[in-house]
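Working notes, beginning with the structure itself.
Small disclaimer: the values here were computed from a predicted structure and weren't measured. We name chains A, B, ... by the order of the sequence lines, and we start the count at 1 in each one.
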Protein chains: 2
Amino acid sequence: MHIDYDLIITYGGIAKKISKGEIVFSENSEPKYYYQVLSGSIKIYTSNIQGKEFVQDIYTPGQSFGEPPLLIDKKYLITAEAQEESVILLLKKENFMQLIDEHKEIHFELTKDLANRAYNTLFSAQILANPSPEDKIIKFLNQLVEKNIIEKNTPIPYTRQQIANQIGLRVETVIRSLNKLQKENKVQIINRKLYYL
Amino acid sequence: MHIDYDLIITYGGIAKKISKGEIVFSENSEPKYYYQVLSGSIKIYTSNIQGKEFVQDIYTPGQSFGEPPLLIDKKYLITAEAQEESVILLLKKENFMQLIDEHKEIHFELTKDLANRAYNTLFSAQILANPSPEDKIIKFLNQLVEKNIIEKNTPIPYTRQQIANQIGLRVETVIRSLNKLQKENKVQIINRKLYYL
DNA sequence: CGCTCGTTTGAGAGGACTCAAGGTAGGTGG
DNA sequence: CCACCTACCTTGAGTCCTCTCAAACGAGCG
């Protein structure tokens, strides 16, 4: 989801600077704003799984985040934190609602974005529901390809730890599973770099 | 999500009878229609987890299902099957898009519905991401309360097997975990009926 | 009563997790 | 250019606990 900068400002949006590590909103807090990244990057995660950080997504300039709870008046299930010094745009809920009410094309974009989120989250749920570590990894890699985050025969831009965090496994388990998958020719590991075949 | 019967018909929707066990759409197929239950009930599940059925949801008269992939032109991740003899309304994608384009209030309802789905699916993902069976069960029960499906001190309307299917555990594990939770006074089991405290 | 469906208990195996210890690559400073 | 540091990767041993398989129990119903 992306709304033109000038349009956000026109509707009363403001820009805010966020330092690295600063929290934009946290779990169980009430949504008040529509948020869009102007510069930097915002990390979205859940921290309630036995204190372990469970990364959901990372948002970069032009992308918005945190709409679902805003639209249905529920508390955030996630925490948003600046990964680096960033600037974000804030638009009050009422103004945001007015904006989409008066701009049909943006409303349609929002609809698609929400559909996309529902779709991707279900995909993640299916990864997690899978009891076998190997299957989880394969499904996770598949998802990356589908989301165009990686291409086949391109090294995967995540550390083993980052992969583990996203699929709910331990680093060691990821490593051992990757070894099995390599023997089955489903992934390739060259000089520690991981390739999906 | 719910659209008025007459309106669906006006836009060219048709009703279709579905026998018990019949598939409305299945995983990896292309979305073509907007679907809404008229009578009976439709079960949504994923079957790809080692052949085990993973129930996502059950839809009853007046509710629609399967919109996210329809809106973003992706294949279904789920299978929809009639739990009993049912009648559903089908509306071609183009007509559906035209309908929401011409009815702003319905478009807003769709938006909220999608936000709700994204929210609920994330909640499910957080349940699954939790490594401890007890925590999964507690979070699952919490979700039921939040969705107003159950109230505290009301027997939970699911069999142990159904609970297990929704959180990715075995029946036996659910039973043994429930016993532990009872000892911790987090649930109550009276005459096999389960109460959430 | 006898069937069926859901619940419960037990024993055993497998495998992910934990903890601990090295190994390796890339960057930094002397 | 080399020694060092740090972050990441890897391996091993052992424990714990979920899953599997098998069997039996309980409740509701024709």
B:S26 OG to B:I78 CD1 distance, which is reported to the nearest 0.5 Å: 11.0 Å

Closest non-hydrogen atom pair, B:E146 against A:K74: O-NZ, 4.2 Å

Protein-to-nucleotide contact annotation, 5' to 3' order, nucleotides 6-11 of chain C [B base; S sugar-phosphate only; - none; under 4.0 Å, heavy atom]: BSBBBB

Length of the line joining A:K193:NZ and C:dT24:P, which is rounded to integer Å: 16 Å

Nucleotide nearest B:L169 (side chain, heavy atoms from C-beta), chosen from D:dC19, C:dA16, C:dC17: D:dC19

All pairs passing ring-ring contact (aromatic ring centres under 6.0 Å, His included) where residues 67-96 of chain B contributes a residue, at least two apart: B:F25-B:Y76, B:Y34-B:F96

Length of the CG-C1' vector between A:L181 and D:dT10, whole Å: 16 Å

Atom-to-atom span, CZ of A:R170 to P of D:dC16 - whole angstrom: 17 Å

Under 3.5 Å donor-acceptor, A:N95 side chain and A:Y11 backbone: yes

Sidechain-backbone polar pair: B:K93 side chain, B:L70 backbone, donor-acceptor under 3.5 Å: yes

Straight-line distance of B:I88 CD1 to B:Q63 CD, nearest 0.5 Å: 14.0 Å

Atom-to-atom span, CG of A:N130 to P of D:dC19 - whole angstrom: 13 Å

Between P of C:dA25 and CD1 of A:I190, the distance in whole Å: 14 Å

Could you run down the sub-3.5 Å N/O contacts of the protein with nucleotides 12-14 of chain C?
none

Short side-chain N/O contact to D:dT18 OP1/OP2 from B:T173, under 4.0 Å: no

Any side-chain donor near an acceptor of the partner, B:N142 and B:Y196, under 3.5 Å: yes

Whole angstrom value for the distance that separates P of C:dG15 from CG of A:D135: 13 Å

Approximate separation, where rounding is to 0.5 Å, of A:K32 NZ and A:K92 NZ: 10.0 Å

Geometric class of the B:Y158/B:F140 ring pair [parallel <30°, tilted 30-60°, perpendicular >60°]: tilted

